[in-house]
Amino acid sequence: MSTPPRVVSCAGALLLALCAVFVAAGADWPQWGGSPARNMVSVEERLPSSFEPGKKRPDGSGIDISTTRNVRWVAKLGTENYSSPVVANGRVFIGTNDDSLDDERYSATEGGLLLCLDEASGRRLWKLVVPRLEIDRSKVSEDFDLMNLGICATPTVDGDQVYVVTNRCEVLCLDVDGMADGNDGPYRDEATFSIPAGRSPVALHPDDADILWRFDMLRELPVFPHDAANSAITVYGDCVYVGTANGVYDGKVVLPTAPSIIALDKQTGRLIAKDDGRISAGVFHGQWSSPALARVGGQTLILYGGGDGFCHAFKAIAGAPPADGLLLRAWSLDANPQEYRVRDGRPIDYWAGDRRKGPANRNDGQYVGPSEIIGTPVVHANRVYVTIGQDPLHGRGRGALTCFDITRACEPDMACVWRYTDIERSLSTVAVAGGLVYAADLSGKLHCVDADDGQVYWVHDTKQDIWSSPFVADGKIYLGTRKGLSVLAAGKHKQLLAEIRLGSAVWSVPAAANNTLFVASQRYLWAVEQKTAEDSQSPAAQ
């Protein structure tokens, strides 16, 4: 086990003021969690508690909309979806794989697709095609971009630009209008970007993506990603912040000084700053969290859930870029209870908790050992809420949900407000609403605890694996599971409203915008709306 990261600096202002709460602008949902605070809560209303997803057309072309209920449109995705829908300026953006690619100019390569759809109709406006990574496989983990996962990252829309991390560990800045308004620069190589190496350039169409700039993290940093690169991008000031996915190969960190989080110029893609590499030195397996923002005492911090199990904070860049090119660390807080890291005075081996490697983990949810942060830290008022977990292939084990007071983060022993350990390993980001925290674990349980003191109010067992996160809107909790969507009433008293089978798993997180709920399974994206008064059943109105 690596030595816990040392706090390099901590501004006194962190101890003097509360954290301002970010809220999503307007009625759109333009990024992961709706805002940089990453809280999975929407102010949307008039959302139904249930819908009928419909039946497939006999020709396999999609869902017959006449067989649905409370559905405005259904869009066909590929065969894998981990990217959550975002909604901005009349458009819906979502990542998937290229199994449904229907363009004769391109061939499916088990790569990725980013789709831009019309919010009102679901009609495709443009697409980004990203072929599978072609690189010396010694540069990435054995499974990276070989599992047909496609684009796993959730896009971020900022004005007339959309930012996304591709299946090839690239950061792209795209024109929200695609090629419909021409090929804007400075990037001009779209004709070759979307085809495997060695093929002739294609003729570009108005329904193709327009890449404004590209930053290849594999080659330009470099980093060694594990399994998938899926960081959502945070925009603040003149920079975009992104996690690099640096991880391990055969249980060992290949690049122990590689950056885990970087800042790029949002207009040009130029590298502005990176962390000092000490997170990578302690990475257990992979890094799949996304940056969040917190404002404390007039200062803005970039929060990152590390693959070492720590929640790290860096000072956001204001004004001139740092001369040494390094992000300034503010603090690091351990999201693992100490007893998860050390037993009888000795570090607990992370890999002993992998159920495939031996009998130590009985896969019953009771194994105690260290875990990384996979979900994104959520900022609410002056607190941060974060879970820990592991790759689902490692099996079940004990997890933790921790509440930190970030005004006391410079005193690590005092920063932990409460910790809830009656939860198993989690891949989820939490939702904080109405004084309650909703957190899901891999085993299929949704936990409702008090945001102030961690007191548990109820636990609901969906009896299905959960890789998604709870999403709260209109007095309801929407939660993706292996078989579809569970809908519960938000509040201190457990009430199951609906179980909706969607034909495949829901691994992404639902979103809501403009009185519409957007739910993606592995194969389809539904735009769900309330059609009749009796379909609402909003607990908030009862």
Side-chain angles (χ1 to χ4, degrees), residues 24 27-30 32-34 40-57 62-77 81-88 90-94 96 115-124 154 431 433 438 462 468-481 483-490 495-541:
D28 284 345
W29 189 262
W32 172 247
M40 297 294 164
V41 177
S42 169
V43 297
E44 290 298 319
E45 299 177 342
R46 301 195 301 279
L47 301 177
S49 61
S50 185
F51 66 97
E52 175 55 53
K55 299 179 180 179
K56 296 178 183 178
R57 299 189 187 99
I63 299 292
D64 181 353
I65 197 70
S66 69
T67 64
T68 67
R69 180 177 62 86
N70 285 341
V71 175
R72 185 164 74 246
W73 52 258
V74 187
K76 191 172 184 180
L77 304 177
N81 165 253
Y82 301 87
S83 169
S84 295
V86 297
V87 185
R91 299 172 175 87
V92 180
F93 302 87
I94 191 169
T96 184
L115 301 177
C116 174
L117 310 173
D118 178 69
E119 182 183 354
S121 66
R123 177 176 62 89
R124 190 172 70 198
T154 297
Y438 303 98
T462 68
S468 180
S469 302
F471 173 74
V472 177
D474 193 27
K476 294 178 276 285
I477 309 162
Y478 299 94
L479 178 64
T481 70
K483 288 192 175 181
L485 190 73
S486 295
V487 186
L488 296 94
Q495 181 185 0
L496 179 65
L497 301 178
E499 293 278 7
I500 306 167
R501 295 292 182 256
L502 297 177
S504 62
V506 175
W507 293 151
S508 67
V509 184
N514 307 308
N515 304 125
T516 304
L517 178 72
F518 297 89
V519 179
S521 72
Q522 294 285 278
R523 298 175 182 270
Y524 295 97
L525 172 64
W526 286 266
V528 180
E529 61 184 0
Q530 177 185 325
K531 293 293 183 67
T532 61
E534 59 267 23
D535 289 324
S536 177
Q537 298 181 25
S538 173

Original post:
Taking C-beta and beyond as the side chain, do Leu47 and Val528 meet within less than 4.5 Å on heavy atoms?
Top reply: no
Original post:
Side chains of Thr67 and Asp64: do they bring a donor and an acceptor to under 3.5 Å?
Top reply: no
Subject >> Considering all heavy atoms, the nearest Leu497-Ser49 contact >> reply: CD1-CB, 4.1 Å
Subject >> Non-hydrogen atoms of Glu119 and Arg72 that approach each other most closely >> reply: O-NH2, 3.0 Å
Subject >> Taking every non-hydrogen atom, the tightest pair across Ala88 and Asp28 >> reply: CA-OD2, 3.3 Å
**OP:** Enter the distance from Leu517:CG to Gln530:CD here, rounded to the nearest 0.5 Å.
**Re:** 12.0 Å
Original post:
Is there side-chain contact between Thr96 and Leu525, with heavy atoms separated by less than 4.5 Å?
Top reply: no
**OP:** Please name the pair of heavy atoms, one in Ala431 and one in Val472, separated by the smallest distance, quoted to 0.1 Å.
**Re:** CB-CG2, 3.8 Å
Original post:
From Ile63 CD1 over to Lys56 NZ, what is the distance, rounded to the nearest 0.5 angstrom?
Top reply: 6.5 Å
Original post:
Distance-only, no hydrogens or angles: does the Trp526 side chain make a donor-acceptor pair with backbone N or O of Pro53 under 3.5 Å?
Top reply: yes
Subject >> Atom CD of Glu45 with >12 non-hydrogen neighbours under 6.0 angstrom >> reply: no
**OP:** Kindly compute the distance separating CG (Asp474) from CZ (Arg46), expressed to the nearest 0.5 Å.
**Re:** 9.0 Å
**OP:** With side chain to side chain contact (heavy atoms under 4.5 Å, CB included) as the test, would you mind laying out the steps for Thr516 and Val87 before giving the verdict?
**Re:** CA-CA 10 Å; Thr516 304; Val87 185; over 6 Å; no
Subject >> Rounded distance [0.5 Å steps], CD in Glu499 versus OG1 in Thr481 >> reply: 6.5 Å
**OP:** Give me the one residue out of Trp29, Phe518, Tyr438 that meets ring-ring contact (aromatic ring centres under 6.0 Å, His included) with Phe471.
**Re:** Trp29
Original post:
Do Ser50 side-chain atoms and Ala498 backbone N/O form a donor-acceptor pair below 3.5 Å?
Top reply: no
Original post:
So, the side chain of Asn81 versus the backbone of Arg523: is there a donor-acceptor pair under 3.5 Å, distance only?
Top reply: no
Original post:
Between atom CG of Leu77 and atom OG of Ser521, what is the distance when rounded to the nearest 0.5 Å?
Top reply: 6.5 Å
Original post:
Which atom names give the shortest non-hydrogen contact between Thr154 and Ser83, and what distance separates them?
Top reply: CA-OG, 3.7 Å
Subject >> Side-chain touch Leu479/Pro470, heavy atoms, less than 4.5 angstrom >> reply: yes
Original post:
Can a donor-acceptor pair be found between the side chains of Glu52 and Thr68 at a distance below 3.5 Å?
Top reply: no
Original post:
Atom NZ of Lys476 and atom CD of Glu44: how far apart are they, to the nearest 0.5 Å?
Top reply: 12.0 Å
Subject >> Closest approach of Leu485 to Gly480 (non-hydrogen atoms, all atoms of both residues) >> reply: CD1-N, 4.0 Å
**OP:** Would you check if Ile500 and Phe51 make a side-chain contact, meaning some heavy-atom pair closer than 4.5 Å?
**Re:** yes
Original post:
Has the side chain of Asp118 got a donor or acceptor atom that lies under 3.5 Å from a matching backbone atom of Ala120?
Top reply: yes
